[in-house]
Each structure stands twice: as C-alpha cells, then as structure tokens.
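Working notes, structure below.
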Amino acid sequence: MEIDRPPQARLRIGLTVNGRPVEAGIEPRELLLDFLRNRLGLTGAKRSCDVQVCGACTVLVDDVPVSACCTLAYEARGRRVLTIEGLARDGRLHPLQDAFIEHAAVQCGFCTPGMILTALALLREVPAPTPVQVKAHMKDTLCRCTGYWKIIDAVVDAGRRMQAGEAPDAGGGAREVAPRGKP
Amino acid sequence: MLRPFEIHEPATVAEASRLLARLGEQAAVYAGGTELLLLMKEGLAHFPHLVNIKTIGGLDAIAFEDGVLRLGAVATHREIETSPAARQHAPLVARVASQVGNLRVRAAGTIGGNLCFAEPHSDPAAVLVAWDATLVLARAGGERCVPAAGFFLGMLQTAREPDEILTAVEVRPLPPGTGAAYHRFALHERPTAAVAAVVTVRDGAVAAARVVVGSVGPVPVRVPEAEDALAGRRPEGEVLRAAAEVAGRRADVLEDMFTSTEYKRHLVSLLAARALHDAVSAARTAH
C-alpha cells in the first residue's frame, strides 16, 4: 500500500543553538538529543532514563526546559536551543557553574548539565529564589549522588549573587557564541 | 531509534480531519508527543504518519468568553497552569495542570493529548469529569460536544472517532456556593489513586455533589453511592466520613503490579475524605 511506504523525506530546519544559527537536514524521527550530541557534537546533554523522567537530557528551548530525549529535533525549528556548552562566556563560567563548583554540587556530574539549565530557567523567572522555591522547581531533576542540598545551596547562592550584580547572567545564547561541535 | 515516519502539517481542522480519514490506522494525531513518542520509542506502537495539529492556528488559545473558559486542545499544561484566565475562572483546573508529570512534560504535553491518550492515571481527566467539562470534537463535516464523563470509554479508549480532532475543553466557572478539590497519592510520577470532588452547599446542606475516583480503574468515574450519601445532608464529620468510606468501597478498582485492590480502596477513602473536606470548605466561602 502506497501510504505504508517508509517515507524517506528529509526536512530542512533552521534554528539557533547556543546563539549560533544552524541549518540542517533532518529525518522527522530524529530526536533533539541525538541531533545535538551526534550532529553538533554537543555532548553536555546526557541520555539517561530516556523516558523524560530524570532530567539529565534537559536543554532550554526558547528558555523553557525540555527533555531532549523525547523531543523531535523537528520541534526545534525556528527556535533558540541552549545547552550547557552555551553558558560560558569569553572563557568565563556562568555564575551558576561557578556556584556549583564552589558548593561542591557536582559529584559524578552526569545530572549537572540538566540541573544547571533547569536552575537557569528558574533564575530567569524568579531572580533570587528561596530554598523552598528552588526545591519546588528542581524536584523533577534527579541526582543520585549529592543528596540535593549542595545543589539547592548553589542555586540559591547564584541567584543571590546575580541579583546583587556581583555576577551577571551573560550566558544563555543572548549573544553569539560558537559551539565546540561542527553543524 | 524511532522507526521512520512522515510529519504532516495541516493548517485547518478540516484538513487534519481529511488526512486522518485518508490515512486511517497509518496515522496518529501528534501534539506534545509526551505519550505518543514514548510508545513509539519503546516499539509499542508505530505510525508511518504523524499529523501535527499544532500547525492549526488558534488551537492553543486559552480564553474566557461568554461565561466559558475555553482551553484550546494544544494548550500545554504549563500554559494552563500559568494562564491568568484559567487561574481566575477554574483555579483547580489550573492547579492540577501544575501537577502533571514533571516540568519538562508540562512544557511539551497538551491538555488535548492528555485526554485523548486516555491513560488511566490522568490528573486532568479526573478533575474535568468532576467539573463536568465539555469536550469539543471536530471533523471536516462539523463539530459535536461530549461531556467529559462520556468521553472516556476504557483504558486508552475514547469517544473520539478516528477522523475527529479534539479542538477544545470548555470549562464553566462553578456556580455560587460550590467548591472543588482534588487529592492524589503517587508512588511514581503518575498517581496511584486520586479523588476529585465538586460540592454545592445551600442553606447548610449538600445541594449537589460529584465525587470522581481516578487512577485506580480504567477510566475516571463518578461514584453515585458516595454522592447519594451526601445529598441533602449537612456536610460535616460523620456524613463526609461515611461518603468517603463508600467511595473507597464502591470504586471501580483494578489491581496492578505495585498495589493491591485493598490498598487502593483504602487510599481512595482517605483521599475522598480530604477532597470532600476541602471542597465543602471552599463551597462555604464561595458566593
């Protein structure tokens, strides 16, 4: 039957990844996580549970956290995608990244890119959140090492410092920055 | 790796409906993808054609007009939970949207997809049945309205015809003296048991009550025996406790790999007591 023939059509999509325009031909079935990791070499987003429960593959699409493991790359067409690779600016880490290091909020590191991007989405809505607000926002992003307290401390501290003007939120694809990978 | 498929981008409901009619079982309606893509990734279902209804203009609108809150079918849970109109006119509907899945699921998942997938543990489904919401189904030839209670036919089964699109959920503000509440218990992301209650209190007595049990059976259902136990009575201590106990005893409960039916009935009674208490408290302050 004609309509049962596996379609071979490729789609052209244009999007912005970490502030840089990307044009690519994709298959409709291509997942955003595979597109970022395998096509662009941006391996910060991790495949872990693969069923959008754990948050390790979290990236921001138009500033909103999504599970790249269960999002079609097609859905990113015309949008801004931010991965952990897009946070550092001019060789300087983002305040959230600094805070995670200072508070020892990183152990094995597998959840960290998703944690930081999830936290960034919160800080852009609630500039200096309380620990309770951080817990409510971060509760669906899983870490099996830290016990969470150091992560909560790091996010609260980064928010406080960013709001006090001690550490600006320079990252986030607001300006153009070259990703490490090749499109 | 997903098997190959083609994505269609209809501009109108009629175009989407005609595509679905032509492609039949080869096609699935695609919106947020939070349920569909999981099934396809696991190899439990395959559709060579996905009809993306997010390309239909206006289907994501949330608006309060002529006394009705209309949730466009592809409005995401996140859009509903943050919508000023939804928060004002149907606060419980907005609040339950904020409890669905996790924040990433809520950013992608849509109210229409949640309802049409008819997963038995749906939070919005239980609340919308209790609220007596109306679902609008459209096809190339026209549209029809179905009460939420009549939409869920069984596990993963709904009254939607294959060439129909759910276009909107219509929610009316509660009448004066009416309160609503939803309580759930979750061992995992999806609730193990849930109860939604909508109660109208007039002159100190229950004038109307809808008690809906969700997550424990194939579909969210009203429990008429629990509602009868409230009708005409003063909604206080023993009356509420008795109705909650009946809800647990008479609910349509299926065993699953995590929980026994006995435990689920116990949970339903507890949750019903909490939901009835909160709904009655809200009713007493709602004028």
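Note that the coordinates shown come from a computational prediction; the quantities given were computed from them, not determined experimentally. Letters go in sequence order (proteins before strands), and every chain restarts at 1.
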Which residue out of A:T58, A:L72, A:V51 racks up the most heavy-atom pairs below 4.5 Å with chain B?
A:L72

Answer yes or no: is there an ion pair linking [X] with [Y], defined by an N-O contact shorter than 4.0 Å?
| X | Y | value |
| --- | --- | --- |
| A:E125 | B:R78 | yes |
| A:R77 | B:E9 | yes |
| A:D50 | B:K41 | yes |

Can you say whether A:C54 sits under 4.5 Å from chain B via the side chain, the backbone, both, or neither, judging by heavy atoms?
backbone

Which atoms of A:E75 approach chain B - backbone, side chain, both or neither, heavy atom under 4.5 Å:
side chain

With rounding to the nearest 0.5 angstrom, report the [atom1] to [atom2] distance, [X] to [Y].
| X | Y | atom1 | atom2 | result |
| --- | --- | --- | --- | --- |
| B:L37 | A:S67 | CG | OG | 11.5 Å |
| A:Q52 | B:L103 | CD | CG | 11.0 Å |
| A:L11 | B:E6 | CG | CD | 9.0 Å |

May I ask you to check whether over 12 heavy atoms, not counting those of [X], lie within 6.0 Å of atom [atom1]?
| X | atom1 | value |
| --- | --- | --- |
| A:K135 | NZ | no |
| A:K46 | NZ | yes |
| A:H137 | NE2 | yes |
| A:R160 | CZ | yes |

Identify which part of B:R3 has an atom lying under 4.5 Å from any heavy atom of chain A, answering side chain, backbone, both or neither.
backbone

So, the part of B:Y30 with a heavy atom under 4.5 Å from chain A: the answer is side chain

Would you say the side chain of A:R29 lies within less than 4.5 Å of the side chain of B:M40, judging by non-hydrogen atoms?
no

Going by residue number, which parts of residues 89-102 of chain B are within reach of chain A, meaning a heavy-atom gap below 4.5 Å?
B:G101, B:N102

List the steps, then state whether side chain to side chain contact (heavy atoms under 4.5 Å, CB included) holds for A:C70 with B:L38.
CA-CA 7 Å; A:C70 293; B:L38 278 187; 3.7 Å; yes

Using the side chain to side chain contact (heavy atoms under 4.5 Å, CB included) definition, which of the options A:T71, A:V53, A:V59, A:T141 pairs with B:R104?
A:T141

Taking all non-hydrogen atoms of both residues, which atom of A:P65 and which atom of B:A107 are closest, and how far apart?
O-CB, 3.7 Å

